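What you see is a predicted model; the values in this text were computed from it and never measured. Numbers here are sequence positions counted from 1.
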Amino acid sequence: STTTTTSTGGSQTSTTTYDYVLDWTAAPAQSSNFNVPVGHSNPAKKVADGSWKVASAKVGEKVVNLDKLNLPDYKSLVLTEENVDLKGGVLSGASLYLRPGSESEAQLGDVRVSYSVVHDGMDVTVFGELSGDKLVPHVDVESNETVYRMSGGTRAEALKEMHGEYSTSTWLFRLLGFIMMWLGFGSFLAPLSVVLDLIPAAGSVSRGLVGIVTFVLSAVLSALTIFVSAIAHNIYLLGGIVLVAVVLAVMYLKKKAARP
C-alpha cells in the first residue's frame, strides 16, 4: 500500500509498504523479483500444469476438432483413491495435498493438485459449419470472425449464454469509456490544483471538487452516449422517433400557416 502526502508548493512524498501473504496460487511469483526478497523465498513449482484431450470426439454423429473447438466451462473432478495416484498425499474434496512435513496446516512449499474436466455424455450444443460428417469452424465472410464453440445444454440455453456474454462485454466497454473520460477530464484540470497548492489546503479541496464534478460530468455524457447509441442501433425505435418528429413538425407548420 502507498500513502502520499502533499506539502506546500505541490511537492509530494510517497511511502510504500509491502505485505507478503501466504496463499494458494497456480503461478508462484519469482521471489527474486520481490522488493524485499530476504525471508520471502518461494520454492519452485513441483507439479507442472497440463491439459489432456481425447484423440477424437463426436457430438451426436458429427466429428468435432477438440484442438480448435471452444469447450464449455470445466467442472471440478472429485478425486478418490480409485481415480488418482495418491503419491503419499492426502485427499480432501476435489484436491490432492502433497506436504513435505507432517503439519496439518498449510505451509510454504505445500502442493495442491486438482483436475477440471468436461465429462462425456453431456447434453451440448455446438455452433459451427456442417461439412459432411464433421462440424468445422464457421468463418463469417463479412467480419472474418470464426465461430466454433460448444455450450452445455440446449440451443436456446446456448444462445442465452452467448447473449449474456455479449451484454457483459458491452457494459465493460461502456464502463471503460466512462473511466477514460473521467480520467481525461481530471488530467485536463489537474494543473489548477497544482496552482492552488500554493494556498494551504486549497489544493486538496480542489482535487476533491474536481473529482466530484468530473465524475458527474462523465456519468452524464456516458449515459447520453449510451442512449444515443441504443437509438441508433434499434431501427424500430429510431423509426418511431423520426415519425414522431415528422408529425410534430407537420403540426407546427400547419398551426403556423393557419395564423393570420
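Between Leu176 and Leu172 the shortest side-chain heavy-atom distance does not fall below 4.5 Å. The shortest side-chain heavy-atom distance between Ser151 and Pro72 does not fall under the 4.5 Å cut-off. Taking the side chain as every heavy atom from C-beta outward, Asp123 and Thr154 never approach each other to under 4.5 Å.
Thr80 OG1 to Leu96 CG: the interatomic distance, rounded to the nearest 0.5 Å, is 11.5 Å. One finds the CG atom of Asn144 at 6.5 Å from the OG1 atom of Thr146 (value rounded to the nearest 0.5 Å). The distance from the NZ atom of Lys62 to the CG atom of Asp133 is 6.5 Å, given to the nearest 0.5 Å. Rounding to the nearest 0.5 angstrom, the gap separating the OG1 atom in Thr125 from the CE atom in Met150 is 9.5 Å. Atoms CG and NZ, on Asp110 and Lys46 in that order, are 8.0 Å from each other to the nearest 0.5 Å. With rounding to the nearest 0.5 Å, the separation of CG in Leu79 from OH in Tyr97 is 10.5 Å.
With hydrogens and angles ignored, the 3.5 Å screen pairs a side-chain donor or acceptor of Lys53 with a backbone N or O of Leu66. A side-chain donor-acceptor contact under 3.5 Å links Lys45 to the backbone of Ala26. Judged purely by atom type and a 3.5 angstrom limit, Tyr148 uses its side chain to pair as donor or acceptor with the backbone of Leu135.
Taking the centre of each ring, Phe178 and Phe173 stay at or above the 6.0 Å mark. A distance of 6.0 Å or more separates the ring centres of Tyr166 and Trp171.
Taking the six-membered ring where tryptophan is involved, the planes of Trp52 and Tyr115 are tilted, since the angle between them lies from 30° to 60°.
In summary, Lys160 and Glu165 do not engage in a salt bridge, as defined by a charged side-chain N under 4.0 Å from a carboxylate O.
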